[in-house]
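Structure first, then comments.
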Amino acid sequence: MTKPNIQIEDEVREMTEEEYADYLRVTEHAFKVPDVVADVVEETPVVDEPSEGEQL
Amino acid sequence: MAVKTFTDNTSLPASDINAYLNNGGLVYIKQQTIGNAVSSVVVTSAFSNDYDNYRIIISGTVVSAATNSMYMTINGSTGATYAANGIYMAPNLGTIGALSQAPAVTGFWLGISGATFSATYDVMNPFSAKATNVNGQSASSGGTTYNNTFMGGDSNAASSTGFTIVQQITTLTGGIITVYGYRKS
């Protein structure tokens, strides 16, 4: 499995197993935008339902 | 120190030059350009006995996808001793979101990123054998944008000499991390 890249000073390379474990340890509790906010950001168009008896 | 007024064509004593150099405010320590598609950026030799408090600026890094959090860890503290509060706002919404993370996290929260992300914040006592505090703001532009203010602490009193910027899930490309020290006297 390809691991994310880490940069140490000017060197960029793939994380070692130990570095990847550290990365996961930090990000496992990382805060995510609540779904309710994300849903509002991703606006969905509203389609009117035809009323009863209305001819399509 | 009182501010001295200099006049033209008079001698400038070395003592005056040294006094002003030694009593400036922020002192540049180091700068690091963020590489391509990295999820962690390690900055070494940033904190020392020279300063107690630091200003860090992350300027214009490009995030591979928005709505993920950025964190900072300090190298002397790897446990779940960090705690944070934060506020995040989206320009297209009139609402304010709040974040609270009790000591179960392993880094200081620096905000939710948009496509291009910048942050400026202060770090108090990372090198001293004391608890460390952080507070600051971050802003983003492009994509699903969020702007944030944050404050937090790490109860671990161990000394740190460097820090790591950790981007949740996604990657960072470009931008510059600059570290300044607040001169003590």
Side-chain angles (χ1 to χ4, degrees), chain A, chain B residues 30 32-45 66-73 78-80 82 84 86 88-102 104-109 111-112 143-146 148 150 162 164-173 177:
Chain A
M1 186 187 76
T2 303
K3 299 179 186 62
N5 286 337
I6 186 170
Q7 176 179 355
I8 301 175
E9 293 296 317
D10 293 329
E11 180 198 8
V12 176
R13 57 168 171 74
E14 188 176 312
M15 292 180 186
T16 63
E17 290 286 349
E18 186 179 358
E19 289 162 347
Y20 186 50
D22 287 343
Y23 175 78
L24 293 178
R25 185 170 43 75
V26 175
T27 56
E28 70 177 335
H29 297 294
F31 180 73
K32 287 282 291 181
V33 181
D35 290 342
V36 62
V37 176
D39 286 346
V40 174
V41 173
E42 304 293 335
E43 288 184 10
T44 52
V46 177
V47 179
D48 290 333
E49 293 287 333
S51 59
E52 191 175 338
E54 185 178 356
Q55 195 168 8
L56 293 174
Chain B
K30 69 180 301 181
Q32 190 161 321
T33 300
I34 299 173
N36 292 322
V38 293
S39 295
S40 294
V41 183
V42 179
V43 180
T44 61
S45 304
T67 71
N68 289 293
S69 288
M70 181 183 287
Y71 283 80
M72 183 186 82
T73 63
T78 57
Y82 298 78
Y88 58 95
M89 299 158 278
N92 60 331
L93 297 173
T95 56
I96 294 174
L99 166 148
S100 62
Q101 292 189 303
V105 288
T106 51
F108 296 109
W109 185 74
I112 304 166
T144 304
T145 301
Y146 286 95
N148 317 272
F150 51 88
T164 301
I165 301 297
V166 178
Q167 177 65 19
Q168 175 195 19
I169 301 173
T170 48
T171 64
L172 308 173
T173 295
I177 301 169

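Throughout, protein chains are lettered first and strands after them, A, B, ... in sequence-line order, and every chain is numbered starting at 1. Note that this is a predicted model, so its numbers are computed, not measured.
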Is any side-chain heavy atom of B/S39 closer than 4.5 Å to a side-chain heavy atom of A/M15? yes

Taking every heavy atom of B/Q32 against every heavy atom of A/Q7, the minimum-distance pair comes out as NE2-NE2, 3.9 Å

Drop me the distance from B/T78's OG1 to A/D22's CG, to the nearest 0.5 angstrom. 7.5 Å

Tightest non-hydrogen contact, residues B/Q168 and A/T27, listed as CA-CG2, 3.9 Å

Note: vs chain A, highest number of non-hydrogen pairs under 4.5 angstrom among B/V105, B/L99, B/I165, B/T171 is B/L99

Highest number of heavy-atom pairs under 4.5 Å with chain A: which of B/Y82, B/W109, B/Y71? B/Y71

Pick from B/T44, B/I177, B/N68: which one has the most heavy-atom pairs with chain A under 4.5 Å? B/T44

Counting heavy-atom pairs under 4.5 Å with chain B, the top scorer among A/E19, A/E11, A/R25, A/K3 is A/R25

Given that the side chain runs from C-beta out, which part of B/T67 has a heavy atom under 4.5 Å from chain A: side chain, backbone, both or neither? both

Between A/Y23 and B/I169, what is the shortest heavy-atom contact and its length? OH-N, 3.0 Å

Where does the angle between the aromatic ring planes of A/F31 and B/Y88 fall among parallel (under 30°), tilted (30 to 60°) and perpendicular (over 60°)? tilted

With a 4.5 angstrom heavy-atom cut-off, is it the side chain or the backbone of B/T170 that approaches chain A, or both, or neither? backbone

Tell me, for A/V12 versus chain B, whether the close heavy atoms (under 4.5 Å) come from the side chain, the backbone, both or neither. side chain

Picking from B/T106, B/T164, B/I112, which has the most non-hydrogen pairs under 4.5 angstrom with chain A? B/T106

Less than 4.5 Å apart, side chain to side chain, heavy atoms only: is that true for A/I6 and B/V42? yes

Heavy-atom proximity to chain A below 4.5 Å, by part of B/L172: neither

